[in-house]
Every structure is written in C-alpha cells, then in structure tokens.
Novice: 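This is the structure I want to talk about, given as structure tokens.
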Amino acid sequence: MNEEKKSLNFLEQIIEEDLANGLPKEKLRFRFPPEPNGYLHIGHAASICLNFGLGLKYNAPVNLRFDDTNPAKEEQEYVDSIKYDVQWLGFKWDKELYSSDYFQQLYDWTLELIKEGKAYVDNQTSEEMAKQKGTPTEVGTNSPNRDRSVEENLELFLKMKNGEFEEGSHVLRAKIDMKHVNMHMRDPIMYRILKKRHHRTGDDWCIYPMYDWTHGESDYLEQISHSICTLEFKSHRDLYDWYVNQVYDPLKLQPKQREFARRNLSYTVMSKRKLLQLVEEKIVTAWDDPRMPTISGLRRRGYTPESIKIFSETAGISKRDNVTDVALLEHCIKDDLNKTAPRVLAVLDPVKVIITNYPEEKEEFLDANYNDYEDGFGSRAVPFSREIYIEKEDFREEANKKFFRLKLGSEVRLKNAYIIKAESCLKDENGEVTEIYCTYDDDSLSGSGTEASKRKVKGTLHWVSAKHAIKAEVRVYDRLFTDEAPDGHKDKDFKEFLNPDSLTIIDAFVEPSLKTAKNLDRFQFQRLGYFCVDKDTTSTKLVFNRTVPLRDSWAKMDN
RNA sequence: UGACCUAUGGUGUAAUGGUAGCACUCCGGUUUUUGGUAUCGUCAGUCAAGGUUCGAGUCCUUGUAGGUCAACCA
C-alpha cells in the first residue's frame, strides 16, 4: 500500500503492462548479452544495471550470455574480463551461457527452414549481393540463386558446413522479401563460412550464424521475456520477430525485443572500436588505463561499484540521444568516497617549512582521526618534527585577506597539529621560495583542550613531517579529450581532440602510515582529493592514482 | 528523396489529459581545525504552428531539428 508512486522508466512501464495483460510474473527473465570482443565500459554498465536491476526488482533470473558468433574478433581474455567486471559491480547471473552453445540447435532449425523453402544458398560475391540489396529508398532485386531447389540448397549448405567451400564463396540467406522497406528483411545472411578457430567450439564449425539469426533464437531458447538492447537495433526487430516466428511454439513464451538509448559520457568516447584504437595505438597504456571509460579503467582509477551503480540509476534511461555530463559520474564517486574513504595527509608539490622554536631532535606522534566527522574510522599516529613539507601554493610572502593560508607574519593551523606563524623565507636565484621559517605555539596542539588549542585561525593546512614522510608516485589524471563530444564531429577525427595533459606524474610525499596500503585502497588526501593505490605499486615504490579532486572553490575565486 | 525513432532548464531524467518536479552543473548565503562535507537559496525548460478538449509537455495534423537503417560485425 504505497501511496507514493515511484516513477517507472519506459521499460518498466512495458513490463508492468505485460504483467497487467496476463504475463505471469514467474516468466520474467532477462539477459545481458555482450560480445566478448573488448572490455566493458560505462555504457555497458548502464545495460548491466538495467537488466540486473530489473532482475532484482522483479525477483527474476538474469542470464549472462556471451554473443560469440564471430570467432574472428572474440577471445577468451574478453570473456574473463567481462565476467570479472559484472561480478565486481556486484551482480549475480543466473546462468552463464554462450550463443555458441546453440550452434547445433541453430543448424538443425536451419535445415528445417531450407526444407520449407525459406532459406537458400547464394554464391554471388558480396558486391553483387550489395548491389541487389537496393537502398533505403530503392527496393532490392532478387538474387539469381533465390529459386534454387530445396535439394540443391540442402546439398550446398552441407558442403558449406563440411568445409568444402572457401571462405566468402557461399552464404546461406533467409528468403524473405527483397522489396521490404526494412533493409534488414531483404534476404539477410544467416550463415557465412569462417575458417577460424572459435574460442569455445574450436574447429567444430566452419560456418557461423549471424547475429540476427542467433540472437532472437537464443532469447527464445532461454525463454527471455524481455530482450533489451540499444536503439541501433530497432530496425532489426522485424527480423528478430521473423526468425523467432519460424520456430515459435505457442505454448512457450515469445521474447520481445525493446530498445533504449545508449549512454554517452562527455569528454570521452564509448565505442569499442575507438577504445580498442586507443589501446592499440598506445595512446593509453591498456584497457584498464585509469583514463579509460571502461569498467576496469574506472576501477583502477578508484571508482567503487556502488558509485557506478548510483550513476546508472541517477542518469536513468530513455530513448533520446544523450551525452551525460561526466560531472555527474564524478559527483557519484565523490559522494561515495566522502562517506567511506579515510582521510590522510599527503603533499604533492612540497616546500620545506622549518619550525625554528621546535627542538632539533624532538619528534612527536600525534593521534589523528581518519575521519573527524564520522565514527568508526579509527585513528593513527602521525609523526611531527621540526621540518615539515607543505604545499607550495599554500604559502605566499604577502597576500590579501582572502588568502586563508600561510603568509609572512600570520598564522595557520597545521591539521591535527599546531598553529604556526611564518616569520621569513629563503628564495633561490629564480625567486622561488625554497624554505619557510616559522615559529609554533607549543600550547596549541589539536585536541589538547588548552585555550590555545581552541584559538580560531582562518586557515588549516595539510603537511607531512620531512624526515618521516615517504615518497610516492602520484598519477594525476585529467579528461582524455578536450572536447565534450570528441566523436561528434563529422569532419574531424576524435583523436584530434586528445588532451596532451591527460596524465601528470608527480613525486609526492605521503604520511608514513600509507606504507602498508594495498592495491585499490582508497583515501582522501586531505584538501586535495581522492586517491587510490595503483597496481603498479611494489614493495619499494608506492603509486597512487588521483580518482577525482575535491571541489576547490578557492581555485575558482583565485583566477 | 523512403521507413522508423526522438525532441522538457547548460546536462541527465520525471510528470501515464489536471500545480512542469528531481539530480548534476553554475552562482550566492550559513556552518566548518579540509576554501572539503553538510545545509539553505538564486538563475534556468515543454522545438514551431495549427487543431481536439473545461483543461495539452502529454492526443491529432503539418512543419523543423537530431538520430538510425544499405558489414559474409555485434
């Protein structure tokens, strides 16, 4: 009895309607059907979240089905990565299936179709067939082979199957209608000869079914109630239905294909072809380069499964072309990490500060919470000593009142430590500040409860103790492209918009507690952003990726 | 010179003939030992023209704009 009606997306509305029209709820079944020819990206995440989300919502099974009908492009590596990514996102599939599981069934059905005169072998060249296909505005013409006898078709098809023909010499076509307004209905190819080893069926077959002949039948075999795909398959729907109808048993469920708009993200590209190009041309290091919009890239960048799921949910689905602002994705990860990431201290662009009234040999271990505002994060000891590093941009010899940081003659608080006052500084021949001399208020230690510790000073800086800090490589990422829609320009190649500064490698100092951080551990480097440990980290070298910077309203004001 | 799909603030999405709402972005206020977070607020939208209706973002017509469709890819 929920009075408040949650709005449904258009696919949920279709499902609700089907349910209302008598489709039993137990018959609902979905599937996520990737082709294992590349790594999954954030666009696939939309489809994954959609299908598995429907499964959760309706308590219906969701199959993971690899659409592996083209051995020329598909590899086991991709199968493995896809399985990993889906489970990493937190979804459980009912069955792991492969279109190639159905090759025999598809073949048997094909024999029936040939016997019914609904399919024929064509041995023209692809150019000839393309010519006869017509255009969207002109009808096609029949192939001279269209009226081969059933016996001859059977014989030729058997020879195709037995490897007696060369690749490209013969195809099997469905006999539908060369004058159909829908180009896909103009005697589409059902089988082609491909003398390639398949990653699962090996050399069992040298004829492989095409997507259209495979997909609907696979959905039918698995009794998928709603076969959800992207909009570019809309015009395939007639064919999908035609094929299913050839084998449809009225006692069974007839799957229904419905289409939604693929999710695009600003400042990146989403097509597998282009992503593959970036990898192959070494523009990025790999499919999991943290600048890639792949699931594996986002994972390595520091994104959480939760943030990706919330992004998909927030962005929603529809049938409109879209370019979602990457700011929304970034908001989702910041929001998640703000709740979950421990706060630590790191200095990316260091300048030395010497606290002249702090004893030379003294060191203190200050208790610092991993999160000052939430319980349950615990704390660690942070070493403090006479010489520390702060961020270069946090010091100015002189500045106006709006500059809340360290300047000569005024005070700031060091996070979790003392209040210091800048007295003087040393500069090199270029006028660059090399050392800053400060004094500290030894009664002002954070949390000590003293009057001095409660003094309000305007700025709080992050810092690390110079002799205790450990070095770390920090990889700072910017968007991969400078254009909002790099592949949205007809006259320009998307690579013209590559951002030359998409990666900056920094030698930073981080607090010593990070020594034991493990791959994929995520932190907030206080006042800087969220960072996670990269897999390139070794026992002697720490590597961090910047997932996303913190909002910086000062940077905006300052320019 | 076709068929089909789509059109709501800068962006993404709701409103199922009955008050155009939410989120992100931008901008501003408050709080703050992160110029973060939180919180409050401002700006900003139904592609156009007709029609149906007491009432239209929604239905109809005609435009306009964008997209999809002619791989032995999926």
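Values below: every heavy atom of this structure, side chains too, minus hydrogens, waters and symmetry copies.
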Novice: Between His331(A) and C24(B), is there a contact of a side-chain N or O with OP1 or OP2 at under 4.0 Å?
Specialist: yes
Novice: Any donor-acceptor pair under 3.5 Å joining the side chain of Arg413(A) to the base of U33(B)?
Specialist: yes
Novice: Here's a test for you: under side chain to side chain contact (heavy atoms under 4.5 Å, CB included), which of Asn9(A), Ile317(A), Leu231(A) qualifies with Phe260(A)?
Specialist: Ile317(A)
Novice: Trp205(A) vs Lys161(A), test: side-chain contact (heavy atoms from CB on, under 4.5 Å). Steps then yes/no.
Specialist: CA-CA 7 Å; Trp205(A) 298 87; Lys161(A) 187 210 176 210; 3.9 Å; yes
Novice: Taking CG from Leu329(A) and C1' from G12(B), how many angstroms apart are they, rounded to a whole number?
Specialist: 12 Å
Novice: Is Glu35(A) salt-bridged to Lys272(A), going by a charged N under 4.0 Å from an acidic O?
Specialist: no
Novice: Measure CG/Asp122(A) against C1'/C72(B) and give the value in whole Å, please.
Specialist: 11 Å
Novice: Given the P atoms of A48(B) and A56(B), what is the spacing between them in whole Å?
Specialist: 15 Å
Novice: Rounding to an integer number of angstrom, what distance separates G28(B) and U42(B) when you compare their C1' atoms?
Specialist: 7 Å
Novice: Is Thr69(A) near enough to A74(B) that one of its side-chain N or O atoms lies under 4.0 angstrom from OP1 or OP2?
Specialist: yes
Novice: Between A74(B) and Arg192(A), is there an OP1 or OP2 to side-chain N/O distance shorter than 4.0 Å?
Specialist: yes
Novice: Which nucleotide, if any, forms a Watson-Crick or G-U wobble pair with A74(B), using both distances under 3.5 Å?
Specialist: none
Novice: Heavy atoms only, 4.0 Å cut-off, all strands: where does Thr324(A) land among base, sugar-phosphate and nothing?
Specialist: sugar-phosphate
Novice: Which part of the nucleic acid does Arg186(A) contact within heavy-atom distance under 4.0 Å: base, sugar-phosphate only, or nothing?
Specialist: nothing
Novice: What is the distance, rounded to the nearest whole Å, between atom CD of Glu138(A) and atom P of G2(B)?
Specialist: 12 Å
Novice: Compare the minimum distances between each of U34(B), U6(B), C69(B) and the side chain of Lys319(A), then state the nucleotide with the smallest one.
Specialist: U6(B)
Novice: Between G10(B) and C47(B), how far apart are the P atoms? Round to whole Å, please.
Specialist: 12 Å
Novice: One thing to verify: whether Asp483(A) and Lys492(A) come together as a salt bridge, which I'm taking to mean a side-chain N less than 4.0 angstrom from a carboxylate O.
Specialist: no
Novice: With heavy atoms under 4.0 Å as the rule, sort Glu330(A) into base, sugar-phosphate or nothing.
Specialist: nothing
Novice: Assign Lys456(A) to base, sugar-phosphate, or nothing according to its heavy-atom contacts below 4.0 angstrom with the strands shown.
Specialist: sugar-phosphate
Novice: Taking the C1' atom of each, how far is U37(B) from C4(B), in whole Å?
Specialist: 49 Å
Novice: Is Asn37(A) touching bases, backbone alone, or none of the nucleic acid, heavy atoms closer than 4.0 Å?
Specialist: nothing
Novice: Would you please say whether a donor-acceptor pair under 3.5 Å links the side chains of Ser227(A) and Arg31(A)?
Specialist: yes
Novice: To the nearest Å, how far apart are Asn9(A) CG and A15(B) P?
Specialist: 9 Å
Novice: Give a yes/no on whether any side-chain N or O of Arg263(A) is located under 4.0 angstrom from OP1 or OP2 of U13(B).
Specialist: yes
Novice: From the options A15(B), G2(B), U34(B), select the nucleotide whose nearest atom is closest to the side chain of Pro136(A).
Specialist: G2(B)
Novice: Is there a donor and acceptor pair closer than 3.5 Å between the side chain of His236(A) and the base of A74(B)?
Specialist: yes
Novice: Counting the atoms with a prime plus P, OP1 and OP2 as sugar-phosphate, which does Glu35(A) contact under 4.0 Å by heavy atoms, base, sugar-phosphate, or nothing?
Specialist: sugar-phosphate
Novice: Between C72(B), A71(B), U33(B), spot the one nearest the side chain of Val171(A), thanks.
Specialist: C72(B)
Novice: Among the candidates A74(B), C26(B), U33(B), find the nucleotide nearest to the side-chain atoms of Lys556(A).
Specialist: C26(B)
Novice: Counting the atoms with a prime plus P, OP1 and OP2 as sugar-phosphate, which does Glu259(A) contact under 4.0 Å by heavy atoms, base, sugar-phosphate, or nothing?
Specialist: nothing
Novice: Look at all strands and tell whether Ile317(A) reaches a base, only sugar-phosphate, or nothing, counting heavy atoms closer than 4.0 Å.
Specialist: sugar-phosphate
Novice: Side chain of Tyr373(A): nearest nucleotide among A74(B), U33(B), A14(B)?
Specialist: U33(B)
Novice: What integer number of Å spans the P atoms of C27(B) and G36(B)?
Specialist: 12 Å
Novice: Counting only distance, no hydrogens or angles, is the base of U13(B) paired donor-acceptor with the side chain of Ser318(A) under 3.5 Å?
Specialist: no
Novice: Need one value for Thr137(A): base, sugar-phosphate or nothing, where a base atom within 4.0 Å counts as base even if backbone is also close, heavy atoms only.
Specialist: base
Novice: Ion pair present between Lys339(A) and Glu374(A), side-chain N to carboxylate O less than 4.0 angstrom?
Specialist: no
Novice: Check every strand shown and say whether Met210(A) touches a base, only sugar-phosphate, or nothing at a heavy-atom separation below 4.0 Å.
Specialist: sugar-phosphate
Novice: Would you measure the distance from the P atom in G57(B) across to the matching atom in G45(B) and give it in whole Å?
Specialist: 15 Å
Novice: What is the base-pairing partner of A65(B), counting Watson-Crick and G-U wobble geometry with both distances under 3.5 Å?
Specialist: U6(B)
Novice: Provide the distance between the two C1' atoms, one in A3(B) and one in U52(B), to the nearest whole Å.
Specialist: 28 Å
Novice: Could you tell me whether Lys57(A) atom NZ has more than 12 heavy atoms of other residues or ligands within 6.0 Å of it?
Specialist: yes
Novice: Using Watson-Crick or G-U wobble geometry with both distances below 3.5 Å, tell me the partner of G21(B), or none.
Specialist: U13(B)
Novice: Taking N and O atoms by type only, does the side chain of Arg551(A) place a donor or acceptor under 3.5 Å from a partner on the base of U37(B)?
Specialist: no
Novice: Quick one: on RNA chain B, does Gln526(A) or Ser126(A) contact a more 5' nucleotide (nearest heavy atom)?
Specialist: Gln526(A)
Novice: At 4.0 Å (heavy atoms only), tell me whether Asn322(A) reaches a base, stays on the sugar-phosphate, or touches nothing.
Specialist: sugar-phosphate
Novice: Does A15(B) have OP1 or OP2 sitting under 4.0 Å from an N or O in the side chain of Gln13(A)?
Specialist: yes
Novice: For the pair Arg65(A) and Asp219(A), find out whether any cationic side-chain nitrogen is under 4.0 Å from an anionic carboxylate oxygen.
Specialist: yes
Novice: When you compare A20(B) with U58(B), how far apart are their C1' atoms, in angstrom units rounded to a whole number?
Specialist: 11 Å
Novice: Between Ser235(A) and Gln124(A), which residue's closest nucleotide on RNA chain B lies nearer the 5′ terminus?
Specialist: Ser235(A)
Novice: Report the base-pairing partner of U37(B) (Watson-Crick or G-U wobble, both distances below 3.5 angstrom), or none.
Specialist: none
Novice: What I want to check is whether the side chains of Thr340(A) and Arg522(A) have a donor and an acceptor closer together than 3.5 Å.
Specialist: no
Novice: Do any side-chain nitrogens or oxygens of Arg527(A) fall under 4.0 Å of OP1 or OP2 in G35(B)?
Specialist: yes
Novice: May I ask which nucleotide in the shown strands pairs with C59(B), Watson-Crick or G-U wobble, both distances under 3.5 Å?
Specialist: G51(B)
Novice: Would you sort out whether Tyr303(A) and Phe311(A) count as a ring-ring contact (aromatic ring centres under 6.0 Å, His included), showing the intermediate values?
Specialist: CA-CA 11 Å; Tyr303(A) 277 78; Phe311(A) 168 73; 8.9 Å; no
Novice: Between Trp554(A) and G35(B), do the rings stack, that is, sit under 5.5 Å apart with planes less than 30° off each other?
Specialist: yes
Novice: Using a heavy-atom cut-off of 4.0 Å across all strands, would you classify Val457(A) as base, sugar-phosphate, or nothing?
Specialist: nothing
Novice: Taking atom P of U34(B) as reference, at what distance in whole Å does atom CZ of Phe377(A) sit?
Specialist: 16 Å
Novice: Under 4.0 Å, heavy atoms only, any strand: does Leu328(A) hit a base, just the sugar-phosphate, or nothing?
Specialist: sugar-phosphate
Novice: Pick base, sugar-phosphate or nothing for Tyr530(A), based on heavy-atom distances below 4.0 Å to the nucleic acid.
Specialist: nothing
